[in-house]
Amino acid sequence: MIELEDTYKHKGLRKQLVSEIQQKGITDQAVLKAISSIPRHFFFDKIFDSHAYEDKAFPIDSGQTISQPYTVAFQSQLLNVKPGDKILEIGTGSGYQACVLVEMGAKVYTIEYQKALYQKAIRFLPKLGYQPHMYSGDGSRGMARFAPYDGIIVTAGAPTVPEELIQQLKIGGRLVIPVGNNDIQSMVLIEKTDENKIKKKQFDNFSFVPLRGAKGWTD
Ligand code: SAM
């Protein structure tokens with residue numbers, strides 16, 4: 001059962017978590033504010049409630065994970081979200097990252113490969129007051145029908161950067177994607193500076209569940 005009560009204890013633990021990720025280098029105030037506002041334990045079964053404010057990834061259904069809070073913050077900071085931005089998230093999972101982006105004022109489109117997770121998120125997120133546009137399917141080639149986007153965030157580890165994702169960015173748009181093998185990926189930021197020009201930066205290593213589908217790893 002999901003616990004929907006946000007007690008003083010939860011709020012206190014959340015405050016500690018925010019200062020922990022701040023100490024790890026997150027400076028974007030909008031990101032920190034969003035993480036302070038969203039009760040992460042709402043995304044956990046009540047029996048695992050105590051793990052919600054540890055800076056760790058945690059298993060959810062369908063063999064997937066809710067990303068580590070620092071990772072959510074790091075990717076959100078790299079995206080440089082401004083209120084009103086149209087953002088595509090590939091890998092809805094628990095829906096927590098999508099809620100962080102909504103809380104930051106973005107118009108969020110999110111797609112999930114695992115049907116059971118999509119079905120859970122589409123029922124649950126509106127109960128929390130969050131209404132990202134949620135879709136079920138393979139997002140490894142993006143979602144061309146709503147392009148172009150100010151930002152695209154991929155929350156699963158990709159073998160390479162899918163060309164379609166760069167095509168679906170606005171000029172000035174940003175793609176944040178972990179790229180590597182099945183165990184470890186480096187965080188890649190791609191900025192589309194002109195129709196046929198990009199700037200690419202590589203950051204630290206992370207460990208995500210694999211991106212599936214046409215441009216991901218085979219099942
Ligand atoms: N953003 C999620 C959260 O806040 O809970 C993290 C989810 S988990 C680290 C990555 C998710 O990407 C998984 O739910 C997985 O099923 C999904 N995924 C993997 N390949 C995908 C694809 N091709 N299209 C859409 N979702 C995909």
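Numbering of ligands and ligand atoms starts at 1, following listing order. Here, residue 1 is the first one in the sequence, and each next residue gets the next number.
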Between ligand 1 and the protein, which N/O pairs are shorter than 3.5 Å?
from: ligand 1; atom 1: 1 (N); to: Glu89; atom 2: OE2; distance (Å): 2.8
from: ligand 1; atom 1: 1 (N); to: Gly91; atom 2: O; distance (Å): 3.0
from: ligand 1; atom 1: 1 (N); to: Thr155; atom 2: OG1; distance (Å): 3.3
from: ligand 1; atom 1: 4 (O); to: Gln97; atom 2: N; distance (Å): 3.0
from: ligand 1; atom 1: 5 (O); to: Ser94; atom 2: N; distance (Å): 3.0
from: ligand 1; atom 1: 5 (O); to: Ser94; atom 2: OG; distance (Å): 2.7
from: ligand 1; atom 1: 14 (O); to: Glu112; atom 2: OE1; distance (Å): 2.8
from: ligand 1; atom 1: 14 (O); to: Glu112; atom 2: OE2; distance (Å): 3.2
from: ligand 1; atom 1: 16 (O); to: Glu112; atom 2: OE2; distance (Å): 2.5
from: ligand 1; atom 1: 20 (N); to: Arg212; atom 2: N; distance (Å): 2.9
from: ligand 1; atom 1: 23 (N); to: Asp138; atom 2: OD1; distance (Å): 2.8
from: ligand 1; atom 1: 23 (N); to: Arg212; atom 2: O; distance (Å): 2.7
from: ligand 1; atom 1: 24 (N); to: Gly139; atom 2: N; distance (Å): 2.8
from: ligand 1; atom 1: 26 (N); to: Tyr113; atom 2: N; distance (Å): 3.1

Review point. With Tyr130, which residues qualify under side chain to side chain donor-acceptor pair (under 3.5 Å), at least two apart?
Key: Glu103
Point to revise | Test side chain to side chain donor-acceptor pair (under 3.5 Å) applied to Ser186 - qualifying residues, sequence neighbours left out | key: Gln202
Exercise for review: Give a yes-or-no answer on whether the side chains of Glu112 and Ser136 include a donor-acceptor pair shorter than 3.5 Å.
Suggested key: no
Check your understanding: Taking atom types as modelled and ignoring hydrogens, do the side chains of Tyr113 and Arg212 form a donor-acceptor contact shorter than 3.5 angstrom?
Key -> no
Check your understanding: Does Lys107 pair with Asp85 as a salt bridge, N-O distance under 4.0 Å?
Key -> no
Check your understanding: Considering residues at least two apart in sequence or located in another chain, which fulfil the side chain to side chain contact (heavy atoms under 4.5 Å, CB included) criterion with His51?
Key -> Phe44, Phe48, Glu54, Phe58
